[in-house]
2 protein chains.
Amino acid sequence: MKSTKGKTNKEEISLDVLFELSEFFKFFSDTTRIRIIEILLHGEMSVNDIADKLKIGQSAVSHQLRLLRTSHLVRPRRDGRTVFYALDDEHIGLIFQTGLNHILHKKRALP
Amino acid sequence: MKSTKGKTNKEEISLDVLFELSEFFKFFSDTTRIRIIEILLHGEMSVNDIADKLKIGQSAVSHQLRLLRTSHLVRPRRDGRTVFYALDDEHIGLIFQTGLNHILHKKRALP
DNA sequence: TGAATATATGAACCATTGTTCATATATTGG
DNA sequence: CCAATATATGAACAATGGTTCATATATTCA
């Protein structure tokens, strides 16, 4: 058998892919980053505005944005001296929402 | 307005929930843990068998399992001296698969 | 009960990571 | 060009996290 695309299957998942997968989830596993992601789900925003909104340093935000940018989760758009960041990956919202649903369902004790 | 359950909405998400969400994604953000989770997606398995299969120490596996058990992601079942672990949360498969699909799509350059 | 086997746990250790501080780079308006 | 503003970046630091080692606990079988 070769490939049963989609759905849950019992095929072997390579170590490489599992590693990438854990690396991918890492982006969502930090409070600052997930707050940034949540903000960007509503639309693009400048670095300073993000920092102000989260009440954390500009540098911290910039460092995290670099991480996300390097991995193509966010995309910068320069307008004059301000840089606006937006989500660069359509799947991010889905991952975020899937996790969020889990948390909320658990909280409300809904199976 | 009170609550628009489900789907994507633009309601405020509390800091607490965002924190919990990042904590939840943390379980998937380590190679060892995600490999354990992947194994358990196929069904329950004993601690030693997991360690053997992953070729890592029994202690390391046990430590990670405790973490997952404490957070109710896995559930132990004792049979004699061996303890079998199984996934204890129906949403785990969904999260895993959602992330996996993202990785695979990205790899195959399918938008 | 005592040896053997399976799992759990605590402490120590090293690596990773997120923040801060200082500073560099970039852009605009005067 | 110069001052002001916005963002980026490197180094240092503290905290967190995952593994290992040694040992404890639990269970079965002879």
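A note on names: the letters A, B, ... follow the listed sequences, proteins ahead of strands, and every chain is numbered from 1.
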(message) Side chains of A:S22 and B:D30, heavy atoms from C-beta outward: is any pair under 4.5 Å?
(response) no
(message) Whether A:R69 contacts D:dT7 is assessed here as follows: a side-chain N or O lying under 4.0 Å from the phosphate OP1 or OP2. Is that the case?
(response) no
(message) Against B:Y85, only a single residue in B:E44, B:R69, B:R77 fulfils side-chain hydrogen bond (donor to acceptor under 3.5 Å, both in side chains); can you say which?
(response) B:R69
(request) Between protein and nucleotides 24-30 of chain C, map the contacts as a letter string: B base, S sugar-phosphate only, - none, heavy atoms under 4.0 Å, written 5' to 3'. (result) ---BB--
(message) Assuming nearest nucleotide by heavy-atom distance, tell me which of B:V47 and A:I56 is located more 5' along DNA chain C.
(response) B:V47
(request) Over 60° means perpendicular and under 30° means parallel, so classify the ring planes of A:H91 and B:H102, tilted if in between. (result) perpendicular
(request) Record whether the side chain of B:Q58 comes under 3.5 Å of the base of C:dA6 through a donor-acceptor pair of N or O atoms. (result) no
(request) Evaluate whether the aromatic ring of A:H63 and the six-membered ring of the D:dT9 base sit under 5.5 Å apart, centre to centre, with an inclination under 30°. (result) yes
(request) Residues of residues 82-89 of chain B with any non-hydrogen atom less than 4.0 angstrom from an atom of DNA chain C: list those, numerically ordered, please. (result) B:T82, B:V83, B:Y85
(request) Check the distance between D:dT20's P and B:L54's CG and give it to me in whole angstrom. (result) 12 Å
(message) Among A:F28, A:F24, A:F27, which residue satisfies the ring-ring contact (aromatic ring centres under 6.0 Å, His included) criterion with B:F25?
(response) A:F28
(message) Whether B:S59 contacts C:dT9 is assessed here as follows: a side-chain N or O lying under 4.0 Å from the phosphate OP1 or OP2. Is that the case?
(response) no
(message) Taking 4.0 Å as the cut-off, does a side-chain nitrogen or oxygen of B:R66 come that near to OP1 or OP2 on C:dG10?
(response) yes
(message) Can you measure A:E23 atom CD to D:dG17 atom P for me and round it to whole angstrom units?
(response) 16 Å
(message) Using a 4.0 Å heavy-atom cut-off, does A:Q64 contact any base of the nucleic acid, only the sugar-phosphate backbone, or nothing at all?
(response) sugar-phosphate
(message) Measuring to OP1 and OP2 of C:dT7, would you say a side-chain N or O of B:N48 lies under 4.0 angstrom away?
(response) yes
(message) Check this one for me: any side-chain N or O of B:R35 less than 4.0 Å away from OP1 or OP2 of D:dG18?
(response) no
